[in-house]
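All remarks here apply to the structure that follows.
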Amino acid sequence: MANDLLKRFSFEITSNDFITAGKSSSYIKSNLKSLGIDSKVIRKIAIVFYEAEINLVIHSLGGKIYCDLYEDKIIIISKDIGPGIDNVELAMTEGYSTATDKVRELGFGAGMGLPNMKKYSDIFKIISDKNGTLIELTIFI
Amino acid sequence: MKIKEIIEIVNAKVLTEFCNEEKEFEYAFASDLMSDVLAYANDETLLITGLSNPQVIRTAEIMDISAVLFVRGKVPNSDIIDLAVENSLTILATDNIMFETCGLLYKNGMKGNRKWQTTY
């Protein structure tokens, strides 16, 4: 059945951990490759997953990212424990960023994270309040 | 443009043991912003950057970019090189600044990677 969850990958993401940031994305990418998923789809998934991972490292107090595999789609769920996004509409604008200078020195914080996630996913949902942000990204296989 | 030509044109050093000098790149993308690399770069692109941290390698890996050219004499530390080797990336380094590096490669036929849709 297309709606049956075939496999779930889950990852704990630590706030401010810039050394291992990206490791989960790398793991997901190689696992999806071994499952024989189309390389263009894998690339989209890897990009949105990496953006989600970097976002949690930069902006959140920590959280989890799930990658759920269905027969016809992959859903990536990013769920953090706060502090939430003040203005989601603004955060969705290319170039708008609240990242610190330290983050910018690392090559991020250009305000492309959320717009990029939207660009590379087929369905993009975001809910945020002070208790945390939930992002759900669907990519059809 | 083959890697061996890139090496010659910008007088680059190869920092990884593995280097397929015959590998060809039609396009290059130059940026110190990994966010922009994620937004705009395509695969089979040479990434030119002056940023030297592990996220450069992670970004290249995610984008299926197989070679990174560090400019301004930046020498990535051994952790970064190890991560590159682990991901079968070729790392090059030149003392030229970004502007000169891009200019030299462009003059010799390398094209800019501009396959994206503007949103304005």
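Order of the sequence lines sets the chain letters (A, B, ...), proteins ahead of strands, with each chain counted from 1. Small disclaimer: the values here were computed from a predicted structure and weren't measured.
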At a heavy-atom separation under 4.5 Å, does A/F49 approach chain B through its side chain, its backbone, both, or neither? neither
So which residue, A/S30, A/A46, A/A21, A/S25, ends up with the most heavy-atom pairs under 4.5 Å with chain B? A/A21
Based on non-hydrogen pairs under 4.5 Å, which of A/M112, A/R104, A/E105, A/K23 is most in contact with chain B? A/K23
Parallel, tilted or perpendicular, judged at 30° and 60°: which one describes the rings of B/Y40 and B/F29? tilted
Euclidean distance, A/K44 NZ relative to A/I139 CD1, rounded to 0.5 Å: 6.0 Å
Nearest-0.5 Å distance that lies between atom CG in B/D32 and atom CZ in B/R72: 4.5 Å
Are A/V57 and B/L33 connected into the same hydrophobic cluster when the rule is that any two of I, L, V, M, F, W, Y join if their side-chain heavy atoms are below 4.5 Å apart? no
Which atoms of B/D79 are under 4.5 Å from chain A, going by heavy atoms: the side chain, the backbone, both sets, or neither? neither
Could you tell me which portion of B/D64 (side chain, backbone, both or neither) has an atom closer than 4.5 angstrom to a non-hydrogen atom of chain A? both
State plainly whether the residues B/K2 and B/E21 are in salt-bridge range, i.e. N to O under 4.0 Å. no
Looking at B/N87, B/T59, B/L83, which has the largest count of heavy-atom pairs under 4.5 Å with chain A? B/T59
Restricting to non-hydrogen atoms, name the atom on A/K64 and the atom on A/Y66 that form the minimum distance, rounded to 0.1 Å. CD-OH, 3.2 Å
I want to check a possible cation-pi pair here: B/K23 against B/F25, using under 6.0 Å from ring centre and within 45° of the ring axis as the test. yes
For B/L51, is it the side chain, the backbone, both or neither that has a heavy atom under 4.5 Å from a heavy atom of chain A? side chain
In terms of heavy-atom pairs under 4.5 Å with chain B, the winner among A/I54, A/I47, A/I42 is A/I47
Which region of A/Y50, side chain (C-beta onward) or backbone (N, CA, C, O), has a non-hydrogen atom less than 4.5 Å from a non-hydrogen atom of chain B, or is it both or neither? side chain
Non-hydrogen atoms of chain A under 4.5 Å away: do they reach the side chain of B/S52, the backbone, both or neither? neither
